[in-house]
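One structure below.
Both backbone and side-chain heavy atoms feed into the values below; hydrogens, waters and symmetry mates do not.
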Amino acid sequence: MSTAQRPVPSDPAPRGSALLRAVEVMEALRAPSGDAWTHRQTHASLARYLLEETHEVLEVIDDPSGHGPGALPDELGDLLFQILFHARVGQEEEPAWDVDDVARSFVAKMERRNPHVFGDASEQALEDPADVEQIIAQWHAVKAQEKQQDQQDQQDQQEQGSSGAAPTRPRGWAEGIPAELPALQTAAKIVHRARSAGGLEQLLAAADAAASAEDADDWGGDLGRALLDLVVAGEGRDDDPETALRALLARTVRELEQGAGA
């Protein structure tokens with residue numbers, strides 16, 4: 001075939017175009033003429049699937065060699081379905097919200113917390129853009145500002161609603177963390193919040209007091225306090241202790257099984 005006769009290759013679809021198709025699929029499933037099971041679902045009924053799919057993603061991440069090469073994209077697709085599902089249910093709430101609101105929230109948060117990439121003066125945001133510790137410190141600082149602004153907004157709203165009302169109490173560092181979350185992961189979130197608010201020393205002082213209680217020997221206070229120090233060290237370098245231990249255990253079990261097979 002001559003050069004003139006060869007078909008001109010079409011331009012590849014822009015990255016993200018498949019996401020639009022995914023939204024269309026979710027719309028079709030939830031539509032009146034769609035899937036009956038899908039029609040019955042709510043945020044509450046979907047919660048267990050969100051948790052299951054998250055754990056399946058984590059299993060692949062913790063032990064990638066124990067799964068096929070396409071396992072992670074496949075499991076992330078199942079997790080994406082849950083996100084799209086919740087966003088579709090949101091369209092039927094009052095006030096309504098949709099997948100674009102989710103995306104806008106993500107974009108706004110990333111632009112706000114990464115001024116070295118998206119800021120008007122991005123070149124001056126960090127002394128060394130390659131210094132990860134500076135990036136983490138900047139992230140903590142922006143989060144602390146966000147929390148302070150949220151508290152001020154809540155107080156302003158309360159004062160507008162009732163002139164004699166007391167100011168809104170600042171949220172505790174543990175507030176809103178699911179009770180089912182593993183202890184190491186819970187500790188990492190509390191440490192992260194405390195550091196962002198400039199209260200890490202206060203948190204550790206409270207932990208020292210708890211570990212020095214009269215009954216501390218009954219529940220392993222010294223061990224818990226030592227584990228908290230590991231959590232603080234991991235959070236300081238942006239490593240999740242729960243992920244680290246879970247990945248280590250997955251790899252350890254596989255090594256033991258392979259050794260037994262040999």
Q) Any donor and acceptor pair, going by atom type alone, linking the side chain of Thr186 with main-chain N or O of Pro182 inside 3.5 Å? A) yes

(Q) Ignoring hydrogens and geometry beyond distance, is a side-chain donor-acceptor pair present between Arg254 and Ser65 at under 3.5 Å? (A) yes

Q: Show the numbers, then the answer: is there a side chain to side chain contact (heavy atoms under 4.5 Å, CB included) between Thr42 and Leu46?
A: CA-CA 6 Å; Thr42 65; Leu46 290 170; over 6 Å; no

Q. What's the shortest heavy-atom distance between Pro69 and Pro73, and which atoms?
A. O-CD, 4.3 Å

Q. If two hydrophobic side chains count as joined below 4.5 Å and joins carry through other members, does Leu58 share a cluster with Ile83?
A. no

Q.
On a heavy-atom basis, which atom in Met26 and which in Leu84 lie closest, and how many Å separate them?
A. CG-O, 3.6 Å

Q. Does Glu111 use its side chain to pair, donor to acceptor, with the backbone of Gly119 at less than 3.5 Å?
A. no

Q. So, Arg195 side chain and Glu235 main chain: donor-acceptor pair closer than 3.5 Å or not?
A. no

Q) Between Asp101 and Arg104, is the closest basic N to carboxylate O distance under 4.0 Å? A) yes

Q: Can you measure from CZ (Phe81) to CG (Leu29) and round to the nearest 0.5 angstrom?
A: 6.0 Å

Q) Does Asp98 use its side chain to pair, donor to acceptor, with the backbone of Asp100 at less than 3.5 Å? A) yes

Q) Closest heavy-atom contact between Asp229 and Arg225? A) OD1-NH1, 2.7 Å

Q.
Donor-acceptor check, side chain of Ser122 to backbone of Phe118, threshold 3.5 angstrom: yes or no?
A. no

Q.
Do Arg193 and Trp173 form a cation-pi contact, if we require the NZ or CZ to be under 6.0 Å from the six-membered ring centre and within 45 degrees of the ring's axis?
A. no

Q) Short question: side chain of Glu93, backbone of Val89 - any donor-acceptor pair under 3.5 Å? A) no

Q: Would you give the length of the straight line joining atom CG of Leu203 to atom CD1 of Ile190, rounded to the nearest 0.5 angstrom?
A: 7.0 Å

**Q.** Side-chain donor or acceptor of His116 paired with backbone N/O of Ala121 under 3.5 Å
**A.** no

**Q.** Nearest heavy atoms of Asn114 and Gln138, plus distance in Å
**A.** CA-NE2, 4.4 Å

Q. Any donor and acceptor pair, going by atom type alone, linking the side chain of Asp240 with main-chain N or O of Thr243 inside 3.5 Å?
A. yes

Q: Go through the steps to decide whether Arg88 and Thr38 satisfy the test side chain to side chain donor-acceptor pair (under 3.5 Å), and finish with yes or no.
A: CA-CA 11 Å; Arg88 180 59 183 82; Thr38 304; over 6 Å; no

Q: Take Glu146 and Lys143, measure what side chain to side chain contact (heavy atoms under 4.5 Å, CB included) needs, and give me the verdict at the end.
A: CA-CA 5 Å; Glu146 291 172 355; Lys143 282 198 66 175; 4.3 Å; yes

Q) Looking at His39 and Arg30, what are the two nearest heavy atoms and their distance? A) CD2-O, 3.5 Å

Q) In the single-linkage hydrophobic clustering (I, L, V, M, F, W, Y; side-chain heavy atoms under 4.5 Å), do Leu181 and Val232 co-cluster? A) yes

Q | Rounded distance (nearest 0.5 Å) linking atom CH2 of Trp97 with atom CD of Glu92 | A | 11.0 Å

Q. Which atoms form the tightest heavy-atom contact between Ala216 and Ala210, and what is the distance?
A. CB-O, 4.4 Å

Q) Do the side chain of Arg112 and the main chain of Val142 share a donor and acceptor less than 3.5 angstrom apart? A) no

